[in-house]
Amino acid sequence: MNKTLEIINRRRSVRKFDKNVLSKADLQAILEAGRRAPCARNSQKRQFTVVQNKDILRTLCQEAKAVARTFEDEYLRNLANSDQDLLYGASTLIIVSGDNSYGMSESDCAAANQNMLIAAESLGISSSWNNYITFLFQGENANKIKETLGIPTEFKPYCSAIFGYTTVKPEARATITGNIVNYIH
């Protein structure tokens, strides 16, 4: 198996991080992988918001929980009412936003998020796709939070991921059975 496929097959979501902050070189490599993700018409209308301030991370998590408490989904409400840190102690959160007036922004941002997760794995950095934090952009404080984070008003935060170092070694993935592949010949 080639190295890229090996990294993709090895990558797992980690939800337990140590206190160490990503090195500048590692963070830049992860961001560059996100920036190089494909985007429709080569629009490159994405913004990457990096948050490493622990107080801001805590506030964002609390704001996301406040919004999720209003959801109909019982699982999400239960998480919102728990004491659990929904960023799992990660030192870095990256929010990927796209131009809301552009019809392919959500796909473009998702491709960037996935590239960053694979890049992190290749560097020995743990990560997890974490869209829970994007709930805060559905609440009444959404515009204020976007302004605080420097996200342009015409941009929408579509996805996010957490990154950090850990000593946790996720188990190998069992056989994948939940996806459907349908061949038309």
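Values below: every heavy atom of this structure, side chains too, minus hydrogens, waters and symmetry copies.
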Asker: Does Phe135 have any ring pair (Phe, Tyr, Trp, His ring centres under 6.0 Å) partners at least two apart in sequence or in another chain, and if so, which?
Answerer: Phe71, Tyr132
Asker: Using a 6.0 Å cut-off, check whether atom NZ of Lys54 has over 12 heavy atoms from anything other than its own residue.
Answerer: yes
Asker: Checking side-chain hydrogen bond (donor to acceptor under 3.5 Å, both in side chains) for the pair Asn42/Gln44: CA distance, chi angles, key distance, verdict?
Answerer: CA-CA 6 Å; Asn42 196 27; Gln44 300 181 32; 2.8 Å; yes
Asker: Quick check: are there more than 12 heavy atoms from other residues, nucleotides or ligands sitting under 6.0 Å from CD of Glu106?
Answerer: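 No, the 6.0 Å shell around CD holds no more than 12 heavy atoms from other groups.
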Asker: Keeping Arg46 on the side-chain end and Ser43 on the backbone end, is there a donor-acceptor pair under 3.5 Å?
Answerer: no
Asker: What distance separates Leu117 CG from Trp129 CH2, expressed to the nearest 0.5 Å?
Answerer: 6.5 Å
Asker: Do any side-chain atoms of residues 153-161 form donor-acceptor pairs under 3.5 angstrom with protein atoms, and if so which ones, sequence neighbours left out?
Answerer:
unit_1: Tyr158; atom_1: OH; unit_2: Asn100; atom_2: OD1; d: 3.1
unit_1: Ser160; atom_1: OG; unit_2: Asn130; atom_2: O; d: 2.3

Asker: Does CG belonging to Asp83 count more than 12 external heavy atoms closer than 6.0 Å?
Answerer: no
Asker: With a sphere of 6.0 Å drawn around CG of Asp85, does it hold more than 12 non-hydrogen atoms of other residues, nucleotides or ligands?
Answerer: yes
Asker: For Ser97 and Gln47, run side-chain hydrogen bond (donor to acceptor under 3.5 Å, both in side chains): C-alpha distance rounded to whole Å, both residues' side-chain angles, the deciding distance at 0.1 Å, then the answer.
Answerer: CA-CA 5 Å; Ser97 305; Gln47 177 169 319; 5.9 Å; no
Asker: Does anything in residues 108-133 pair up under salt bridge (Lys or Arg N to Asp or Glu O under 4.0 Å), and if so which pairs, sequence neighbours excluded?
Answerer: Arg10-Glu121
Asker: With a cutoff of under 4.5 Å between side-chain heavy atoms, which Ile, Leu, Val, Met, Phe, Trp and Tyr residues group with Tyr102?
Answerer: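 For the cluster that includes Tyr102, the remaining residues are Met104.
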Asker: In Å and rounded to the nearest 0.5 Å, what is the CE to CD1 distance from Met116 to Ile94?
Answerer: 4.5 Å
Asker: What pairs with Ser101 under side chain to side chain contact (heavy atoms under 4.5 Å, CB included), at least two apart in sequence or on another chain?
Answerer: Asp99
Asker: Answer yes or no: is there an ion pair linking Lys144 with Glu147, defined by an N-O contact shorter than 4.0 Å?
Answerer: no
Asker: My understanding is that only residues two or more places apart in sequence, or in another chain, count here; which of them pass salt bridge (charged side-chain N to carboxylate O under 4.0 Å, His left out) with Arg58?
Answerer: Asp55
